[in-house]
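Lettering of chains follows the sequences in order, A, B, ..., and the numbering in each one begins at 1. In this text, all values refer to a predicted model and were calculated from it rather than measured experimentally.
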Protein chains: 2
Amino acid sequence: MSDDDVSTAFAVLNEIGIIAQLGRATFEARLPPGVILPQWSVLNHLVRVGDGRTPLDMARAFQVPKTTMSHTVAALERRGWVEFRPNPDDGRSKRVWLTAAGRAFRDDGIASVAPDLARILGDLPSGTMEALLPHLRHLRETMDAARD
Amino acid sequence: MSDDDVSTAFAVLNEIGIIAQLGRATFEARLPPGVILPQWSVLNHLVRVGDGRTPLDMARAFQVPKTTMSHTVAALERRGWVEFRPNPDDGRSKRVWLTAAGRAFRDDGIASVAPDLARILGDLPSGTMEALLPHLRHLRETMDAARD
DNA sequence: ACTGTATGGTGCAATGTTGGACTATATGCA
DNA sequence: TGCATATAGTCCAACATTGCACCATACAGT
């Protein structure tokens with residue numbers, strides 16, 4: 001493992017940190033005031049992987065502490081975008097279900113940000129995102145596995 | 001701009017958000033308790049681009065509000081890792097300079113995390129990071145330019 | 001020079017994040 | 001069964017982030 005490899009890795013993580021910041025700002029500019037990216041992301045996650053997950057499942061998926069996820073889903077529930085039902089398999093846990101309003105809000109979010117993303121995509125060499133995606137997935141999976 | 005392109009972009013930003021989180025956790029696990037990633041990142045930035053920057057310069061580079069950067073550099077100054085000097089060109093602003101202790105602390109950070117990064121790199125197909133870096137730079141620059 | 005506006009920086013308050021302690025339920029093992 | 005340990009979730013307090021109001025300095029147009 002050469003020093004060069006390590007400094008490339010540093011540079012990659014550095015760029016990723018800044019892009020995450022920019023992406024968050026882009027998103028939040030389009031969400032209604034008071035709604036925050038992690039809230040929308042949880043709705044999106046539930047749509048993509050299916051609802052009925054437990055809060056702890058999602059905390060692991062997002063790599064945040066369980067208290068943070070607890071706070072986030074509580075906010076979503078207050079707004080009527082998700083509802084809790086007991087987990088029949090485990091009396092300690094809840095399952096989180098999307099409401100119709102929650103699905104609609106998630107869809108609105110995509111529709112609102114799509115033009116911003118389209119503008120960014122238009123300024124990038126075509127194929128940039130497709131080139132990034134598989135490598136990013138691989139990196140994420142590897143880092144996830146390394147966190148033992 | 002097809003729907004597929006937009007959903008690829010969503011997926012890329014999603015992965016980037018999670019990797020940023022994982023990277024942050026990896027780093028903070030190696031920093032002394034109470035030291036936080038943004039603090040170390042600012043020291044790293046000053047080493048890489050040269051010290052003598054103003055806080056506002058750095059706020060822009062990191063895409064954070066100026067109050068956040070003000071808070072961060074104040075913490076670094078309390079720990080003796082940077083010092084402020086007046087800006088001879090502009091009486092409103094400060095310039096931020098690294099101290100010897102600041103440089104040493106930044107170097108220690110690299111040395112502490114390098115083994116973790118090396119482990120991750122060892123589990124990735126070689127060339128993954130090199131493949132990512134130019135695309136990420138491009139994406140970051142484009143998003144930066146789009147934020148007008 | 002004078003005045004209006006723009007910019008660098010900070011203090012404060014509201015909010016988000018997170019570690020630690022705690023409760024309740026589940027599971028493994030004698 | 002009974003007990004020790006592990007796990008899901010929440011409450012609370014400490015701390016980080018950030019929008020807003022404010023001050024000081026700079027600069028542009030007259």
Side-chain angles (χ1 to χ4, degrees), chain A residues 17-18 20-29 31-42 52-79 82-97 147, chain B residues 17-18 20-29 31-43 52-79 82-97 147-148:
Chain A
I18 294 173
Q21 193 88 25
L22 288 163
R24 181 176 181 136
T26 302
F27 246 90
E28 289 183 353
L31 294 175
V35 184
I36 227 174
L37 180 58
Q39 295 172 7
W40 185 88
S41 294
V42 165
R53 308 280 146 171
T54 69
L56 194 55
D57 280 342
M58 293 192 294
R60 284 196 266 257
F62 283 90
Q63 293 297 320
V64 297
K66 60 183 181 172
T67 43
T68 304
M69 187 54 65
S70 180
H71 179 265
T72 301
V73 294
L76 294 175
E77 201 251 350
R78 275 196 303 276
R79 287 180 186 267
V82 300
E83 58 187 28
F84 301 131
R85 302 185 207 153
N87 183 347
D89 302 336
D90 186 335
R92 292 167 302 180
S93 80
K94 299 169 161 186
R95 287 171 176 278
V96 182
W97 299 87
R147 65 146 178 56
Chain B
I18 294 173
Q21 193 88 25
L22 288 163
R24 182 176 179 136
T26 302
F27 246 90
E28 289 183 352
L31 293 176
V35 183
I36 228 174
L37 179 59
Q39 294 171 7
W40 185 88
S41 295
V42 165
L43 295 178
R53 308 280 146 171
T54 70
L56 194 56
D57 280 342
M58 293 192 294
R60 284 197 266 256
F62 284 90
Q63 293 296 320
V64 296
K66 60 183 181 171
T67 43
T68 305
M69 186 55 65
S70 180
H71 179 265
T72 301
V73 294
L76 294 175
E77 201 251 351
R78 276 196 303 278
R79 287 180 186 266
V82 300
E83 58 186 28
F84 301 131
R85 302 186 208 152
N87 182 347
D89 302 335
D90 186 334
R92 292 168 302 180
S93 80
K94 298 170 161 187
R95 288 170 177 277
V96 182
W97 300 88
R147 66 148 176 55
D148 20 80

> Which value, rounded to the nearest 0.5 Å, describes the distance between A/Asn87 atom CG and A/Lys94 atom NZ?
Replying inline: 12.0 Å
> Where does the chain B footprint on DNA chain C start and end, counting 5' to 3' with a 4.0 Å heavy-atom cut-off?
Replying inline: C/dA6 to C/dG11
>> Under 4.0 Å, heavy atoms only, any strand: does B/Ser93 hit a base, just the sugar-phosphate, or nothing?
In response: sugar-phosphate
> Per the end-axis method with five pairs at each terminus, what is the bend angle of the helix from C/dA1-D/dT30 to C/dA30-D/dT1, to 10°?
Replying inline: 30°
>> Please report the distance, rounded to the nearest Å, between CE in A/Met69 and P in D/dT7.
In response: 19 Å
> Between A/Glu28 (CD) and D/dT18 (P), how many Å, whole number?
Replying inline: 9 Å
>> Working to the nearest 0.5 angstrom, can you tell me the gap between A/Met69 CE and A/Met58 CE?
In response: 5.5 Å
>> Which heavy atom of A/Ala20 sits nearest to which heavy atom of B/Ala20, and what is that distance?
In response: CB-CB, 3.8 Å
> Between A/Thr72 and A/Thr68, is there a donor-acceptor pair closer than 3.5 Å when you use the side chain of the first and the backbone of the second?
Replying inline: yes
>> Below the 4.0 Å mark, does D/dG9 have OP1 or OP2 next to a side-chain nitrogen or oxygen of A/Ser70?
In response: no
>> Please report the interatomic distance CZ(B/Arg92) to OG1(B/Thr54), rounded to the nearest 0.5 Å.
In response: 10.5 Å
> Could you state the NZ-C1' distance from A/Lys94 to D/dG9, rounded to the nearest angstrom?
Replying inline: 7 Å
> Reckon A/Asp90 touches a base, only the sugar-phosphate, or nothing at all at heavy-atom distances under 4.0 Å?
Replying inline: sugar-phosphate
>> Does a side-chain N or O of B/Arg92 approach OP1 or OP2 of D/dC22 to a distance below 4.0 Å, or not?
In response: no
> Between A/Asp89 and A/Ile36, which has a closest nucleotide on DNA chain C that is more 5'?
Replying inline: A/Ile36
>> Whole angstroms only, please: what is the CG-P distance between A/Asn87 and D/dG9?
In response: 8 Å
>> Donor-acceptor check, side chain of B/Thr26 to backbone of B/Leu22, threshold 3.5 angstrom: yes or no?
In response: yes
> Does A/Thr54 have a side-chain nitrogen or oxygen under 4.0 Å from the phosphate oxygens OP1 or OP2 of D/dA8?
Replying inline: no
> Taking CG from A/Asp57 and C1' from D/dT7, how many angstroms apart are they, rounded to a whole number?
Replying inline: 13 Å
> Does B/Ser41 have any side chain to side chain contact (heavy atoms under 4.5 Å, CB included) partners at least two apart in sequence or in another chain, and if so, which?
Replying inline: B/Leu37, B/Phe62
>> Testing the basics here: between B/Pro88 and B/Pro86, what is the closest heavy-atom pair and its distance to 0.1 Å?
In response: CD-O, 3.3 Å
>> Minimum heavy-atom separation for B/Arg95 and B/Gly52, please, with both atom names.
In response: NH1-O, 2.7 Å
>> Distance check needed: D/dC11 C1' versus A/Lys66 NZ, whole Å only.
In response: 12 Å
> With nearest nucleotides of DNA chain C determined for A/Thr72 and A/Gly91 from heavy-atom distances, which residue corresponds to the more 5′ nucleotide?
Replying inline: A/Thr72
